[in-house]
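For reference, the structure is listed below as C-alpha coordinates.
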There are 2 protein chains.
Amino acid sequence: MNKRQQLIEQAFQLFYQQGIHAVGINQIVRQAKVAKKTLYSHFESKDALIEAVLAYRDERFLVWLDKRMTSVEPGKPALLVMFDALDDWFNNRVPTLANFHGCFFINTCSEYGNPESTIYQLCQRHKLRVRELIMSHVKQLQLNEDVNVLTDRLVLLKEGAIVTAQVQADKAAAKKAKLIAEQLLPDASLV
Amino acid sequence: MNKRQQLIEQAFQLFYQQGIHAVGINQIVRQAKVAKKTLYSHFESKDALIEAVLAYRDERFLVWLDKRMTSVEPGKPALLVMFDALDDWFNNRVPTLANFHGCFFINTCSEYGNPESTIYQLCQRHKLRVRELIMSHVKQLQLNEDVNVLTDRLVLLKEGAIVTAQVQADKAAAKKAKLIAEQLLPDASLV
DNA sequence: CTCATGGTAGACAGATCGGTATACCCATAT
DNA sequence: ATATGGGTATACCGATCTGTCTACCATGAG
(Lines give C-alpha, C1' and ligand atoms only; values in the text may rest on other atoms or scores of the structure.)
Protein backbone atom coordinates (compact mmCIF):
# COMPACT_ATOMS: atom_id res chain seq x y z
CA MET A 1 0.00 0.00 0.00
CA ASN A 2 2.18 2.75 -1.37
CA LYS A 3 0.44 5.96 -0.39
CA ARG A 4 2.31 7.99 -2.95
CA GLN A 5 1.11 5.81 -5.81
CA GLN A 6 -2.40 5.72 -4.37
CA LEU A 7 -2.46 9.52 -4.45
CA ILE A 8 -1.15 9.72 -8.00
CA GLU A 9 -3.68 7.25 -9.34
CA GLN A 10 -6.63 8.80 -7.56
CA ALA A 11 -5.56 12.31 -8.55
CA PHE A 12 -5.27 11.18 -12.15
CA GLN A 13 -8.77 9.74 -12.14
CA LEU A 14 -10.24 12.98 -10.82
CA PHE A 15 -8.15 15.31 -12.98
CA TYR A 16 -8.92 13.30 -16.08
CA GLN A 17 -12.67 13.18 -15.55
CA GLN A 18 -13.25 16.69 -14.23
CA GLY A 19 -10.27 18.83 -15.21
CA ILE A 20 -7.37 19.81 -12.99
CA HIS A 21 -8.62 23.17 -11.81
CA ALA A 22 -11.99 21.73 -10.94
CA VAL A 23 -10.51 19.22 -8.49
CA GLY A 24 -9.38 20.31 -5.03
CA ILE A 25 -6.74 18.81 -2.78
CA ASN A 26 -9.37 17.93 -0.19
CA GLN A 27 -11.31 15.90 -2.72
CA ILE A 28 -8.20 13.99 -3.69
CA VAL A 29 -7.18 13.03 -0.17
CA ARG A 30 -10.74 12.11 0.73
CA GLN A 31 -11.15 9.75 -2.20
CA ALA A 32 -7.64 8.36 -1.92
CA LYS A 33 -8.30 7.71 1.78
CA VAL A 34 -5.09 9.43 2.74
CA ALA A 35 -4.45 12.25 5.20
CA LYS A 36 -3.73 15.66 3.79
CA LYS A 37 -0.45 15.80 5.65
CA THR A 38 0.65 12.60 3.94
CA LEU A 39 0.03 14.19 0.58
CA TYR A 40 2.18 17.16 1.49
CA SER A 41 4.94 14.89 2.79
CA HIS A 42 5.15 13.27 -0.65
CA PHE A 43 4.51 16.35 -2.80
CA GLU A 44 5.49 19.86 -1.94
CA SER A 45 2.51 21.42 -3.72
CA LYS A 46 -0.45 20.70 -5.94
CA ASP A 47 1.73 21.54 -8.95
CA ALA A 48 4.27 18.91 -7.90
CA LEU A 49 1.44 16.38 -7.67
CA ILE A 50 0.21 17.36 -11.12
CA GLU A 51 3.69 16.85 -12.53
CA ALA A 52 3.87 13.40 -10.96
CA VAL A 53 0.46 12.57 -12.40
CA LEU A 54 1.60 13.67 -15.86
CA ALA A 55 4.71 11.48 -15.59
CA TYR A 56 2.56 8.53 -14.48
CA ARG A 57 0.13 8.92 -17.37
CA ASP A 58 2.96 9.46 -19.84
CA GLU A 59 4.54 6.16 -18.82
CA ARG A 60 1.27 4.24 -18.78
CA PHE A 61 0.18 5.46 -22.18
CA LEU A 62 3.49 4.86 -23.89
CA VAL A 63 3.91 1.35 -22.50
CA TRP A 64 0.38 0.48 -23.60
CA LEU A 65 0.81 1.86 -27.12
CA ASP A 66 4.24 0.31 -27.52
CA LYS A 67 2.93 -3.11 -26.53
CA ARG A 68 0.08 -2.86 -29.00
CA MET A 69 2.32 -1.82 -31.85
CA THR A 70 4.98 -4.45 -31.26
CA SER A 71 2.38 -7.20 -30.96
CA VAL A 72 2.06 -7.39 -34.75
CA GLU A 73 4.52 -7.53 -37.63
CA PRO A 74 6.68 -4.43 -37.91
CA GLY A 75 6.06 -1.77 -40.55
CA LYS A 76 2.65 -1.10 -42.00
CA PRO A 77 0.68 -3.50 -39.78
CA ALA A 78 2.19 -1.96 -36.65
CA LEU A 79 1.26 1.52 -37.82
CA LEU A 80 -2.27 0.50 -38.71
CA VAL A 81 -2.85 -1.38 -35.48
CA MET A 82 -2.24 1.91 -33.67
CA PHE A 83 -5.64 3.04 -34.88
CA ASP A 84 -7.23 -0.18 -33.68
CA ALA A 85 -5.67 0.53 -30.31
CA LEU A 86 -7.11 4.05 -30.36
CA ASP A 87 -10.49 2.57 -31.23
CA ASP A 88 -10.31 0.35 -28.17
CA TRP A 89 -9.36 3.33 -26.04
CA PHE A 90 -12.19 5.54 -27.33
CA ASN A 91 -14.71 2.78 -26.69
CA ASN A 92 -13.52 2.07 -23.16
CA ARG A 93 -12.06 -1.33 -23.87
CA VAL A 94 -8.74 -0.48 -22.22
CA PRO A 95 -9.16 -0.50 -18.44
CA THR A 96 -5.51 0.48 -18.03
CA LEU A 97 -6.22 3.89 -19.54
CA ALA A 98 -9.46 4.60 -17.63
CA ASN A 99 -12.72 5.80 -19.18
CA PHE A 100 -12.01 7.92 -22.23
CA HIS A 101 -12.11 11.66 -21.67
CA GLY A 102 -9.85 12.81 -24.47
CA CYS A 103 -6.09 13.07 -24.24
CA PHE A 104 -5.03 14.05 -20.73
CA PHE A 105 -2.13 16.06 -22.12
CA ILE A 106 -4.21 18.04 -24.59
CA ASN A 107 -6.70 18.71 -21.81
CA THR A 108 -3.96 19.89 -19.50
CA CYS A 109 -2.45 22.20 -22.12
CA SER A 110 -5.91 23.67 -22.62
CA GLU A 111 -6.13 24.48 -18.92
CA TYR A 112 -2.59 25.84 -18.62
CA GLY A 113 -2.42 28.37 -21.40
CA ASN A 114 1.14 29.45 -20.70
CA PRO A 115 3.61 27.45 -22.85
CA GLU A 116 6.47 28.53 -20.56
CA SER A 117 5.10 26.60 -17.61
CA THR A 118 6.63 23.28 -16.57
CA ILE A 119 3.27 21.59 -16.83
CA TYR A 120 2.76 22.67 -20.42
CA GLN A 121 6.23 21.50 -21.35
CA LEU A 122 5.66 18.08 -19.81
CA CYS A 123 2.65 17.75 -22.12
CA GLN A 124 4.76 18.67 -25.11
CA ARG A 125 7.38 16.14 -24.04
CA HIS A 126 4.78 13.39 -23.90
CA LYS A 127 3.65 14.18 -27.42
CA LEU A 128 7.26 14.13 -28.58
CA ARG A 129 7.76 10.70 -27.02
CA VAL A 130 4.69 9.32 -28.75
CA ARG A 131 5.96 10.79 -31.99
CA GLU A 132 9.31 9.06 -31.48
CA LEU A 133 7.54 5.76 -30.97
CA ILE A 134 5.57 6.17 -34.18
CA MET A 135 8.64 7.30 -36.07
CA SER A 136 10.56 4.21 -35.02
CA HIS A 137 7.90 2.14 -36.76
CA VAL A 138 7.84 4.38 -39.81
CA LYS A 139 11.57 3.77 -40.22
CA GLN A 140 10.87 0.05 -40.54
CA LEU A 141 9.05 0.77 -43.78
CA GLN A 142 12.43 1.48 -45.41
CA LEU A 143 11.00 4.18 -47.64
CA ASN A 144 12.82 6.59 -49.88
CA GLU A 145 10.61 9.47 -48.72
CA ASP A 146 11.33 11.57 -45.71
CA VAL A 147 10.55 9.69 -42.52
CA ASN A 148 9.54 12.89 -40.74
CA VAL A 149 6.88 13.75 -43.26
CA LEU A 150 5.05 10.46 -42.95
CA THR A 151 5.42 10.50 -39.17
CA ASP A 152 3.92 13.97 -38.96
CA ARG A 153 0.98 12.86 -41.03
CA LEU A 154 0.23 9.86 -38.88
CA VAL A 155 0.56 11.97 -35.74
CA LEU A 156 -1.84 14.51 -37.18
CA LEU A 157 -4.39 11.79 -37.92
CA LYS A 158 -4.01 10.43 -34.41
CA GLU A 159 -4.58 13.83 -32.79
CA GLY A 160 -7.52 14.54 -35.03
CA ALA A 161 -9.10 11.24 -34.10
CA ILE A 162 -8.64 11.84 -30.36
CA VAL A 163 -10.20 15.29 -30.44
CA THR A 164 -13.06 14.22 -32.67
CA ALA A 165 -13.81 11.28 -30.40
CA GLN A 166 -13.83 13.61 -27.40
CA VAL A 167 -15.63 16.75 -28.50
CA GLN A 168 -17.95 15.28 -31.08
CA ALA A 169 -18.37 12.06 -29.13
CA ASP A 170 -17.64 10.28 -32.40
CA LYS A 171 -16.61 6.87 -31.19
CA ALA A 172 -15.79 5.77 -34.74
CA ALA A 173 -13.15 8.46 -35.21
CA ALA A 174 -10.27 5.98 -34.97
CA LYS A 175 -11.73 3.79 -37.69
CA LYS A 176 -12.10 6.82 -39.95
CA ALA A 177 -8.53 7.89 -39.31
CA LYS A 178 -7.34 4.38 -40.07
CA LEU A 179 -8.89 4.50 -43.54
CA ILE A 180 -6.99 7.68 -44.30
CA ALA A 181 -3.79 6.18 -42.92
CA GLU A 182 -4.15 3.17 -45.21
CA GLN A 183 -4.23 5.57 -48.10
CA LEU A 184 -1.05 7.28 -46.93
CA LEU A 185 0.96 4.12 -46.36
CA PRO A 186 2.52 2.35 -49.36
CA ASP A 187 1.11 -1.07 -50.23
CA ALA A 188 4.41 -2.88 -50.11
CA SER A 189 5.37 -2.69 -46.49
CA LEU A 190 8.89 -4.01 -47.05
CA VAL A 191 10.68 -3.51 -50.34
CA MET B 1 -19.88 51.79 -25.88
CA ASN B 2 -21.94 48.71 -25.26
CA LYS B 3 -20.90 47.42 -21.85
CA ARG B 4 -22.29 43.98 -22.52
CA GLN B 5 -20.17 43.52 -25.62
CA GLN B 6 -17.15 44.97 -23.85
CA LEU B 7 -17.52 42.33 -21.16
CA ILE B 8 -17.92 39.50 -23.62
CA GLU B 9 -14.85 40.47 -25.59
CA GLN B 10 -12.64 41.00 -22.58
CA ALA B 11 -13.85 37.78 -20.99
CA PHE B 12 -13.11 35.93 -24.20
CA GLN B 13 -9.56 37.27 -24.32
CA LEU B 14 -8.87 36.16 -20.77
CA PHE B 15 -10.63 32.80 -21.02
CA TYR B 16 -8.86 32.01 -24.26
CA GLN B 17 -5.38 32.86 -23.05
CA GLN B 18 -5.57 31.48 -19.52
CA GLY B 19 -8.43 29.01 -19.38
CA ILE B 20 -11.90 29.64 -18.00
CA HIS B 21 -11.40 28.31 -14.50
CA ALA B 22 -8.20 30.27 -14.10
CA VAL B 23 -9.95 33.60 -14.69
CA GLY B 24 -12.04 35.22 -11.98
CA ILE B 25 -14.94 37.60 -12.27
CA ASN B 26 -12.96 40.36 -10.55
CA GLN B 27 -10.21 40.11 -13.14
CA ILE B 28 -12.73 40.41 -15.96
CA VAL B 29 -14.46 43.50 -14.63
CA ARG B 30 -11.12 45.12 -13.78
CA GLN B 31 -9.74 44.67 -17.28
CA ALA B 32 -13.01 45.47 -19.00
CA LYS B 33 -13.22 48.65 -16.91
CA VAL B 34 -16.75 47.86 -15.89
CA ALA B 35 -18.32 47.65 -12.45
CA LYS B 36 -19.10 44.22 -11.10
CA LYS B 37 -22.73 45.14 -10.67
CA THR B 38 -22.97 46.00 -14.34
CA LEU B 39 -21.72 42.53 -15.20
CA TYR B 40 -24.40 40.95 -13.05
CA SER B 41 -27.06 43.17 -14.55
CA HIS B 42 -26.23 41.75 -17.99
CA PHE B 43 -25.45 38.14 -16.99
CA GLU B 44 -27.03 36.28 -14.15
CA SER B 45 -23.93 34.22 -13.40
CA LYS B 46 -20.43 33.39 -14.59
CA ASP B 47 -21.85 30.42 -16.47
CA ALA B 48 -24.24 32.71 -18.34
CA LEU B 49 -21.29 34.91 -19.29
CA ILE B 50 -19.36 31.86 -20.49
CA GLU B 51 -22.29 30.84 -22.65
CA ALA B 52 -22.45 34.31 -24.18
CA VAL B 53 -18.71 34.19 -24.84
CA LEU B 54 -19.07 30.82 -26.57
CA ALA B 55 -21.86 32.19 -28.77
CA TYR B 56 -19.74 35.23 -29.61
CA ARG B 57 -16.72 33.13 -30.59
CA ASP B 58 -18.88 30.67 -32.50
CA GLU B 59 -20.27 33.49 -34.61
CA ARG B 60 -16.92 35.18 -35.15
CA PHE B 61 -15.17 32.01 -36.18
CA LEU B 62 -17.86 30.83 -38.56
CA VAL B 63 -18.19 34.17 -40.31
CA TRP B 64 -14.44 34.35 -40.75
CA LEU B 65 -14.12 30.82 -42.12
CA ASP B 66 -17.14 31.21 -44.37
CA LYS B 67 -15.74 34.41 -45.87
CA ARG B 68 -12.41 32.77 -46.56
CA MET B 69 -13.96 29.75 -48.21
CA THR B 70 -16.37 31.69 -50.40
CA SER B 71 -13.63 34.06 -51.55
CA VAL B 72 -12.34 31.48 -54.03
CA GLU B 73 -13.96 29.24 -56.62
CA PRO B 74 -16.33 26.68 -55.11
CA GLY B 75 -15.36 23.03 -54.73
CA LYS B 76 -11.81 21.89 -54.32
CA PRO B 77 -10.21 25.35 -54.13
CA ALA B 78 -12.60 26.39 -51.37
CA LEU B 79 -11.82 23.27 -49.36
CA LEU B 80 -8.09 23.71 -49.77
CA VAL B 81 -8.13 27.38 -48.91
CA MET B 82 -9.54 26.38 -45.54
CA PHE B 83 -6.10 25.11 -44.63
CA ASP B 84 -4.51 28.35 -45.78
CA ALA B 85 -6.93 30.13 -43.49
CA LEU B 86 -5.94 27.85 -40.61
CA ASP B 87 -2.30 28.58 -41.39
CA ASP B 88 -2.99 32.30 -41.06
CA TRP B 89 -4.79 31.70 -37.77
CA PHE B 90 -1.99 29.57 -36.29
CA ASN B 91 0.58 32.18 -37.24
CA ASN B 92 -1.37 35.08 -35.77
CA ARG B 93 -2.19 36.73 -39.05
CA VAL B 94 -5.90 37.00 -38.22
CA PRO B 95 -6.45 39.79 -35.68
CA THR B 96 -10.17 39.01 -35.65
CA LEU B 97 -9.50 35.67 -33.99
CA ALA B 98 -6.95 36.90 -31.40
CA ASN B 99 -3.58 35.32 -30.72
CA PHE B 100 -3.73 31.60 -31.35
CA HIS B 101 -4.20 29.45 -28.26
CA GLY B 102 -5.79 26.39 -29.81
CA CYS B 103 -9.49 25.98 -30.42
CA PHE B 104 -11.51 27.74 -27.73
CA PHE B 105 -14.19 25.06 -27.93
CA ILE B 106 -11.79 22.14 -27.56
CA ASN B 107 -10.17 23.95 -24.65
CA THR B 108 -13.52 24.51 -23.01
CA CYS B 109 -14.57 20.87 -23.40
CA SER B 110 -11.29 19.89 -21.80
CA GLU B 111 -12.10 22.00 -18.78
CA TYR B 112 -15.73 20.91 -18.51
CA GLY B 113 -15.47 17.14 -18.45
CA ASN B 114 -19.20 16.55 -18.20
CA PRO B 115 -20.80 16.13 -21.66
CA GLU B 116 -24.25 16.71 -20.15
CA SER B 117 -23.47 20.33 -19.27
CA THR B 118 -24.83 23.16 -21.37
CA ILE B 119 -21.35 24.52 -21.91
CA TYR B 120 -20.06 21.25 -23.31
CA GLN B 121 -23.02 20.99 -25.64
CA LEU B 122 -22.48 24.50 -26.97
CA CYS B 123 -18.97 23.40 -27.92
CA GLN B 124 -20.34 20.37 -29.72
CA ARG B 125 -22.82 22.57 -31.52
CA HIS B 126 -20.06 24.84 -32.75
CA LYS B 127 -18.18 21.87 -34.16
CA LEU B 128 -21.34 20.68 -35.86
CA ARG B 129 -21.85 24.09 -37.46
CA VAL B 130 -18.29 24.12 -38.78
CA ARG B 131 -18.85 20.64 -40.12
CA GLU B 132 -22.00 21.81 -41.90
CA LEU B 133 -20.06 24.63 -43.50
CA ILE B 134 -17.41 22.25 -44.77
CA MET B 135 -19.99 19.77 -45.96
CA SER B 136 -21.77 22.43 -48.00
CA HIS B 137 -18.54 22.88 -49.94
CA VAL B 138 -17.96 19.15 -50.27
CA LYS B 139 -21.37 18.86 -51.91
CA GLN B 140 -20.21 21.27 -54.62
CA LEU B 141 -17.72 18.63 -55.74
CA GLN B 142 -20.64 16.61 -57.13
CA LEU B 143 -19.01 13.33 -56.26
CA ASN B 144 -20.47 9.85 -56.42
CA GLU B 145 -18.93 8.94 -53.05
CA ASP B 146 -20.63 9.60 -49.75
CA VAL B 147 -20.46 13.27 -48.87
CA ASN B 148 -20.32 12.48 -45.15
CA VAL B 149 -17.22 10.35 -45.49
CA LEU B 150 -15.16 13.04 -47.18
CA THR B 151 -16.48 15.70 -44.82
CA ASP B 152 -15.49 13.64 -41.80
CA ARG B 153 -12.02 13.23 -43.20
CA LEU B 154 -11.51 16.93 -43.78
CA VAL B 155 -12.85 17.71 -40.32
CA LEU B 156 -10.46 15.19 -38.81
CA LEU B 157 -7.53 16.79 -40.60
CA LYS B 158 -8.62 20.21 -39.42
CA GLU B 159 -8.88 19.13 -35.78
CA GLY B 160 -5.56 17.35 -35.97
CA ALA B 161 -3.90 20.46 -37.34
CA ILE B 162 -5.35 22.69 -34.63
CA VAL B 163 -4.23 20.45 -31.78
CA THR B 164 -0.80 19.89 -33.27
CA ALA B 165 -0.31 23.61 -33.72
CA GLN B 166 -1.32 24.19 -30.13
CA VAL B 167 0.33 21.45 -28.09
CA GLN B 168 3.39 20.84 -30.24
CA ALA B 169 3.65 24.50 -31.17
CA ASP B 170 3.99 23.27 -34.76
CA LYS B 171 3.07 26.36 -36.72
CA ALA B 172 3.31 24.45 -39.99
CA ALA B 173 0.58 22.00 -39.03
CA ALA B 174 -1.96 23.53 -41.38
CA LYS B 175 0.37 23.23 -44.36
CA LYS B 176 0.96 19.57 -43.54
CA ALA B 177 -2.75 18.92 -43.26
CA LYS B 178 -3.30 20.64 -46.58
CA LEU B 179 -0.95 18.21 -48.34
CA ILE B 180 -2.95 15.29 -47.01
CA ALA B 181 -6.20 16.95 -48.03
CA GLU B 182 -4.93 17.40 -51.56
CA GLN B 183 -4.40 13.68 -51.71
CA LEU B 184 -7.94 13.01 -50.52
CA LEU B 185 -9.66 15.36 -52.94
CA PRO B 186 -10.21 14.24 -56.53
CA ASP B 187 -8.30 16.09 -59.21
CA ALA B 188 -11.31 17.01 -61.27
CA SER B 189 -13.23 19.37 -59.06
CA LEU B 190 -16.25 19.44 -61.33
CA VAL B 191 -17.12 16.45 -63.47
C1' DC C 1 10.69 -0.68 27.03
C1' DT C 2 11.51 3.16 24.35
C1' DC C 3 11.34 5.91 20.77
C1' DA C 4 11.54 7.26 15.90
C1' DT C 5 8.78 6.90 11.76
C1' DG C 6 5.01 7.44 9.07
C1' DG C 7 0.50 7.54 9.23
C1' DT C 8 -4.65 9.62 10.58
C1' DA C 9 -8.16 13.24 11.43
C1' DG C 10 -9.21 17.58 11.23
C1' DA C 11 -8.85 22.47 12.95
C1' DC C 12 -6.98 26.46 11.26
C1' DA C 13 -4.91 30.49 8.38
C1' DG C 14 -4.97 33.50 4.66
C1' DA C 15 -6.31 34.22 0.13
C1' DT C 16 -9.62 34.21 -3.41
C1' DC C 17 -13.83 32.72 -5.35
C1' DG C 18 -18.80 33.99 -7.11
C1' DG C 19 -22.27 36.90 -6.01
C1' DT C 20 -24.97 40.73 -3.29
C1' DA C 21 -25.66 45.12 -1.22
C1' DT C 22 -24.79 50.00 -0.30
C1' DA C 23 -23.95 54.57 -1.62
C1' DC C 24 -23.04 57.62 -4.91
C1' DC C 25 -22.90 59.88 -9.76
C1' DC C 26 -24.84 61.76 -13.91
C1' DA C 27 -27.47 62.26 -18.10
C1' DT C 28 -31.85 62.60 -19.98
C1' DA C 29 -36.94 62.85 -20.29
C1' DT C 30 -40.94 64.32 -18.35
C1' DA D 1 -37.00 70.71 -11.31
C1' DT D 2 -36.82 66.26 -10.56
C1' DA D 3 -37.22 61.41 -10.95
C1' DT D 4 -35.28 57.45 -13.11
C1' DG D 5 -32.10 54.20 -15.21
C1' DG D 6 -27.68 52.83 -15.90
C1' DG D 7 -23.32 53.27 -14.44
C1' DT D 8 -19.12 53.33 -10.74
C1' DA D 9 -16.59 51.85 -6.74
C1' DT D 10 -16.21 49.06 -3.12
C1' DA D 11 -17.51 46.74 1.19
C1' DC D 12 -19.22 42.60 2.38
C1' DC D 13 -20.99 37.46 2.62
C1' DG D 14 -20.36 32.66 2.72
C1' DA D 15 -17.96 29.16 0.54
C1' DT D 16 -13.90 27.02 -0.96
C1' DC D 17 -9.15 26.99 -2.17
C1' DT D 18 -4.06 25.60 -0.96
C1' DG D 19 -1.21 24.73 2.53
C1' DT D 20 0.18 24.38 7.78
C1' DC D 21 -0.31 22.87 12.35
C1' DT D 22 -1.65 20.18 16.37
C1' DA D 23 -2.61 15.96 18.58
C1' DC D 24 -2.91 11.37 18.45
C1' DC D 25 -2.03 6.35 16.88
C1' DA D 26 0.47 2.10 15.37
C1' DT D 27 4.42 -0.47 14.50
C1' DG D 28 8.93 -2.16 14.30
C1' DA D 29 14.13 -1.63 15.67
C1' DG D 30 17.49 -1.24 19.05
Side-chain angles (χ1 to χ4, degrees), chain A residues 1-56 104 107-108 110-114 116-120 122, chain B residues 1-56 104 107-108 110-114 116-120 122:
Chain A
M1 80 156 57
N2 184 342
K3 298 287 172 185
R4 185 188 149 90
Q5 195 57 24
Q6 218 167 306
L7 281 163
I8 288 176
E9 292 184 18
Q10 191 58 243
F12 168 72
Q13 287 293 341
L14 292 169
F15 289 160
Y16 187 42
Q17 321 268 324
Q18 303 177 35
I20 293 179
H21 280 131
V23 175
I25 290 290
N26 293 315
Q27 194 182 348
I28 295 170
V29 300
R30 200 184 317 125
Q31 300 217 19
K33 295 189 202 312
V34 159
K36 200 193 272 199
K37 192 163 192 191
T38 306
L39 187 154
Y40 280 100
S41 76
H42 285 294
F43 308 98
E44 71 166 353
S45 66
K46 186 184 182 183
D47 271 13
L49 172 62
I50 295 168
E51 288 169 22
V53 169
L54 286 168
Y56 160 77
F104 183 56
N107 294 353
T108 303
S110 295
E111 283 201 68
Y112 288 81
N114 176 18
E116 314 285 325
S117 68
T118 307
I119 288 172
Y120 201 108
L122 286 175
Chain B
M1 97 145 51
N2 183 345
K3 298 289 173 185
R4 186 189 149 91
Q5 195 58 24
Q6 217 167 307
L7 281 163
I8 289 177
E9 291 183 18
Q10 191 57 244
F12 167 72
Q13 286 293 341
L14 292 168
F15 289 160
Y16 188 41
Q17 321 268 327
Q18 303 176 35
I20 294 179
H21 280 131
V23 175
I25 290 290
N26 293 313
Q27 194 181 348
I28 295 170
V29 298
R30 200 183 317 127
Q31 299 217 18
K33 296 189 201 308
V34 159
K36 200 193 273 199
K37 192 164 189 190
T38 306
L39 187 154
Y40 281 100
S41 77
H42 286 294
F43 308 98
E44 72 165 352
S45 65
K46 187 183 182 184
D47 271 14
L49 172 61
I50 295 168
E51 288 168 23
V53 169
L54 286 169
Y56 161 75
F104 183 55
N107 294 353
T108 302
S110 295
E111 283 201 69
Y112 289 81
N114 176 17
E116 314 286 324
S117 68
T118 307
I119 288 173
Y120 201 108
L122 286 175

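Just so we're clear, the structure is a prediction, and the values are computed from it rather than from any experiment. The sequence lines fix the lettering, A, B, ..., with proteins before strands; numbering per chain opens at 1.
- Side-chain contact between B:Ile50 and B:Tyr112 is present, with at least one heavy-atom pair separated by less than 4.5 Å.
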Produce the list of close N/O pairs, under 3.5 Å, pairing protein atoms with atoms of nucleotides 18-22 of chain C; give distances to one decimal.
residue: C:dG18; atom: OP1; partner: B:Lys46; partner atom: NZ; Å: 2.9
residue: C:dG18; atom: OP2; partner: B:Ile25; partner atom: N; Å: 2.7
residue: C:dG19; atom: OP2; partner: B:Tyr40; partner atom: OH; Å: 2.8
residue: C:dG19; atom: OP2; partner: B:Lys46; partner atom: N; Å: 2.7
residue: C:dG19; atom: O5'; partner: B:Tyr40; partner atom: OH; Å: 3.4
residue: C:dG19; atom: N7; partner: B:Lys36; partner atom: NZ; Å: 3.0
residue: C:dG19; atom: O6; partner: B:Lys36; partner atom: NZ; Å: 2.4

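- Listed pair A:Thr38 / C:dG6 fails the phosphate criterion, with no side-chain N or O lying under 4.0 Å from OP1 or OP2.
- In this structure, A:Leu39 atom CG and C:dG10 atom P are separated by 17 Å, rounded to whole Å.
- A:Gln6 places its CD atom 10 Å from the P atom of C:dG7, with the value rounded to the nearest Å.
- When rounded to the nearest whole Å, the span between CD1 of A:Ile28 and P of D:dT16 equals 17 Å.
- Contact annotation: B:Lys3 side-chain N/O to D:dT8 OP1/OP2 distance is under 4.0 Å.
- Using modelled atom types, one finds no donor on one side chain facing an acceptor on the other under 3.5 Å when comparing B:Gln10 with B:Gln6.
- The interatomic distance linking B:Gln18 (CD) with C:dT16 (C1') rounds to 15 Å, in whole Å.
- Put simply, NE2 on A:His42 is 19 Å from P on D:dT18, counting in whole angstrom units.
- Side-chain contact check for A:Leu49 versus A:Ile28: some heavy-atom pair is nearer than 4.5 Å.
- One interatomic measurement links the two molecules: CZ of B:Arg30 to C1' of C:dC17, which rounds to 13 Å at whole-angstrom precision.
- In this structure, B:Leu7 places its CG atom 13 Å from C1' of D:dT8, rounding to the nearest Å.
- Using a 4.5 Å heavy-atom cutoff, the side chains of B:Ile20 and B:Phe104 are in contact.
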Intermediate values then yes/no, side chain to side chain contact (heavy atoms under 4.5 Å, CB included), B:Thr108 and B:Leu122: CA-CA 10 Å; B:Thr108 302; B:Leu122 286 175; over 6 Å; no

Test log, rule side chain to side chain contact (heavy atoms under 4.5 Å, CB included), inputs B:Ile8 and B:Phe43: CA-CA 10 Å; B:Ile8 289 177; B:Phe43 308 98; 3.7 Å; yes

